[in-house]
Amino acid sequence: ADGANLTVVEPKDEYNKGYNPGIRVESGKTLNIYAQSTDTNAMGRLSATSGKYGAGIGGRKNAACGTVNIYGGNVTAESGNCGAGIGGGHKGGGGIVHIFGGNVAATCGGDSAAGIGGGGGGYGTGAAGGEVHIHGGTVTATGGSAGTGGPGIGGGGKYAGGTITITGGRVTAIGRVNAPGIGGGGNGGAGGTITISGGTVTATGGGKGAGIGGGSGGAGGDVTISGGTVVAKSGNKLVWDIGSGLNGNYVGEFVVKGGSVLLANSGKCRSGYPKNGDGTQVYCVTNQFVDSFVGKGVAVRFPSAPFAYGDKDIFTDDARQVYQWLPEAAGTYAIAYENGDGAFEELIVNKGEGQRLVSSFSSPSKVDVTYAKPDGTSAATKAIPVDTNRTELLGGNWYVVTNEVSMSQSLEVVGSANLILADGAKLTVQGKWSRAGVEVEDGNALTIWGQDGNTGTLDATGDSEGAGIGGGLY
């Protein structure tokens with residue numbers, strides 16, 4: 001409840017000998033944690049601390065964690081030594097952890113376990129990370145500081161990181177000694193399967209560990225980034241920021257098909273450069289906003305391009321930059337920054353062959369156009385023409401369809417946008433991946449206008465469980 005404070009500490013008596021977790025949730029069991037509100041100052045607090053071998057929340061000694069679902073609240077979980085903050089006890093697997101909201105701080109207080117994930121053990125032993133899924137909230141996960149160290153999120157000791165997905169929230173993952181921020185244990189643990197599609201993620205490895213990927217001597221695993229703002233920093237400049245730990249093998253793939261991804265220490269990743277969703281090698285292109293009106297932490301979108309690129313939860317950093325991964329070929333694409341509550345300013349980027357830094361943008365070509373009002377009169381405005389490369393209609397802007405345009409991907413509305421169907425023009429949109437044809441989700445708005453002849457046409461078809469115009473499955 002709001003204002004409540006529950007503290008649980010595993011007793012240190014002769015019978016327990018530090019084997020138990022603060023809150024015991026083992027295989028086959030489920031713990032759901034809720035809050036009464038989303039006000040971080042008001043919502044209740046839970047603090048769980050284990051003895052030497054148990055997890056803060058999860059398994060006891062030699063026991064895996066069950067299922068832990070956190071929907072809200074201020075949750076602090078810390079192990080005494082070889083257990084995870086949330087996850088397995090000493091040599092226990094990570095179980096299944098879902099975080100949907102709240103403020104969560106999970107710390108391994110000792111040897112080789114993860115902050116969230118697998119338990120540790122003496123001499124770099126431990127257990128696999130299980131499943132960790134972060135959908136929202138603020139999460140700080142810190143691995144063990146003794147022995148070979150533990151990752152912020154992932155596997156303990158010599159074991160792999162398991163399955164880790166981040167779709168939203170603000171995540172800070174800190175690996176210590178020789179473990180990655182997110183991935184395998186510090187004693188040769190491979191990265192596992194890591195998927196990031198949203199949120200802001202900062203992953204910092206310790207010593208010989210990657211930022212995201214393997215611990216010392218561990219393979220990088222499979223890392224896919226399709227959205228979000230990601231900063232990956234290895235433990236030292238000899239180690240890949242995303243990939244294997246020092247002296248680890250090259251097993252695994254690194255795919256970037258969206259997001260802002262900064263390699264913050266060595267500037268290196270697995271096999272030199274990642275690939276996109278089409279299997280094409282991509283390179284980091286820095287979009288640098290040098291004008292003072294684009295500040296820090298500003299939302300950035302990529303609303304039109306000849307390539308597919310996910311732009312959920314992309315924000316400028318302290319240098320007013322975002323880091324996009326694109327093929328070498330020259331191309332023109334649109335970039336937009338939020339200049340008000342739900343309103344965006346679109347700009348055009350002309351990227352040259354092999355260009356790595358873009359700090360010069362031009363305004364998009366707008367056309368003078370009229371539209372018919374409900375009272376029978378006409379009004380004039382300037383609008384951005386819609387072409388087949390457009391994937392988004394952004395708030396604060398007017399768009400116009402002036403000819404026949406056919407799209408084989410969903411057209412997403414972000415904010416409150418206006419679309420004019422010029423007389424004789426036709427826009428055909430076919431949704432993909434269970435999305436709507438024209439995706440207008442809760443909190444966004446699209447107003448469609450015609451001209452005096454009222455002969456413009458919009459034909460929008462959703463894919464599978466998506467609406468023609470409206471919401472989709474995801």
Side-chain angles (χ1 to χ4, degrees), residues 291 293-294 298-309 311 331-351 360-431 435-441 443-462 467-470:
D291 298 314
F293 59 81
V294 181
V298 172
V300 172
R301 311 286 300 196
F302 296 99
S304 179
F307 46 81
Y309 199 84
D311 59 1
T332 298
Y333 57 93
I335 189 170
Y337 64 91
E338 189 172 13
N339 64 350
D341 186 14
F344 288 82
E345 181 72 23
E346 284 203 23
L347 300 169
I348 299 297
V349 178
N350 294 297
K351 174 185 169 294
S360 178
F361 309 102
S362 60
S363 297
S365 298
K366 295 183 179 182
V367 297
D368 293 315
V369 63
T370 60
Y371 59 97
K373 299 173 67 176
D375 62 4
T377 63
S378 293
T381 189
K382 289 184 178 293
I384 300 171
V386 173
D387 60 22
T388 57
N389 288 329
R390 180 158 292 277
T391 57
E392 295 174 340
L393 304 178
L394 299 180
N397 290 284
W398 286 79
Y399 300 90
V400 61
V401 183
T402 60
N403 50 26
E404 189 164 322
V405 178
S406 182
M407 298 179 176
S408 59
Q409 75 280 340
S410 298
L411 184 62
E412 181 181 4
V413 176
V414 181
S416 181
N418 291 275
L419 175 65
I420 300 170
L421 301 173
D423 283 342
K426 182 177 182 180
L427 174 60
T428 303
V429 185
Q430 173 62 60
R435 296 177 62 185
V438 178
E439 194 169 69
V440 190
E441 294 190 336
N444 302 296
L446 174 65
T447 303
I448 302 173
W449 306 85
Q451 290 187 318
D452 291 340
N454 202 32
T455 60
T457 302
L458 169 60
D459 185 357
T461 304
I469 301 174

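These figures come from a predicted structure and were not determined experimentally.
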Margin query: Could you work out, with side-chain hydrogen bond (donor to acceptor under 3.5 Å, both in side chains) as the rule, every residue matching Asn350, not counting sequence neighbours?
Written below: Thr332

Note to self: Measuring from atom CD of Glu404 to atom OG1 of Thr428, what distance do you get when rounded to the nearest 0.5 angstrom?
What the structure shows: 6.0 Å

Next item on the list: State which residues pass side chain to side chain contact (heavy atoms under 4.5 Å, CB included) with Thr455; sequence neighbours excluded, sorted by chain then number.
Entry: Asp423

Item checked: Partners passing side chain to side chain contact (heavy atoms under 4.5 Å, CB included) against Gln430 (at least two apart in sequence or in another chain) -> Thr461, Asp463

Checklist line | Minimum heavy-atom distance between Val414 and Phe344, given as atom pair plus value | finding: CG1-CE1, 3.9 Å

Checklist line | Side-chain donor or acceptor of Ser410 paired with backbone N/O of Ala436 under 3.5 Å | finding: yes

Item checked: Residues forming a side chain to side chain contact (heavy atoms under 4.5 Å, CB included) with Thr447, sequence neighbours excluded -> Asn418, Trp449

Check: Roughly how far, to the nearest 0.5 Å, is CD1 of Ile335 from CD of Glu346?
Finding: 10.5 Å

Notebook entry, point to check: Taking all non-hydrogen atoms of both residues, which atom of Ala445 and which atom of Val413 are closest, and how far apart?
Noted result: O-CG1, 3.4 Å

Note to self: Just verifying a value: how many Å separate Leu458 CG and Leu446 CG, rounded to the nearest 0.5 Å?
What the structure shows: 8.5 Å

Check: Nearest 0.5 Å, what's the CG-OH distance between Leu347 and Tyr337?
Finding: 5.5 Å

Margin query: Could you check whether any side-chain N or O of Asn397 sits under 3.5 Å from a backbone N or O of Gly395, counting only pairs where one atom can act as donor and the other as acceptor?
Written below: yes

Considering only distance and modelled atom types, tabulate donor-acceptor pairs under 3.5 Å from the side chains of residues 361-373, sequence neighbours left out.
residue : atom : partner : partner atom : Å
Asp368  : OD1  : Lys382  : NZ           : 2.7

Next item on the list: Return the minimal non-hydrogen interatomic distance between Ile469 and Ala460, and the atom names on each side.
Entry: CG1-CB, 3.9 Å

Next item on the list: For the residue pair Leu427 and Leu419, establish whether any side-chain heavy-atom pair is separated by less than 4.5 Å.
Entry: yes

Margin query: I need the minimum non-hydrogen distance between Ala422 and Thr402, along with the two atoms involved.
Written below: CB-CA, 4.1 Å

Item checked: Reported CD1-to-CD1 distance for the pair Ile384 and Ile348, which is rounded to 0.5 angstrom -> 7.5 Å

Margin query: For Arg301, give me all partners under salt bridge (charged side-chain N to carboxylate O under 4.0 Å, His left out), at least two apart in sequence or on another chain.
Written below: Asp311, Glu392, Glu412

Margin query: Quick one: does any side-chain atom of Gln409 pair with a main-chain N or O of Arg390 as donor and acceptor, under 3.5 Å?
Written below: yes

Item checked: Spacing of OH belonging to Tyr399 relative to CD1 belonging to Ile448, to within rounding of 0.5 Å -> 14.0 Å

Notebook entry, point to check: Closest approach of Ala334 and Pro303, non-hydrogen atoms and distance?
Noted result: O-CD, 3.4 Å

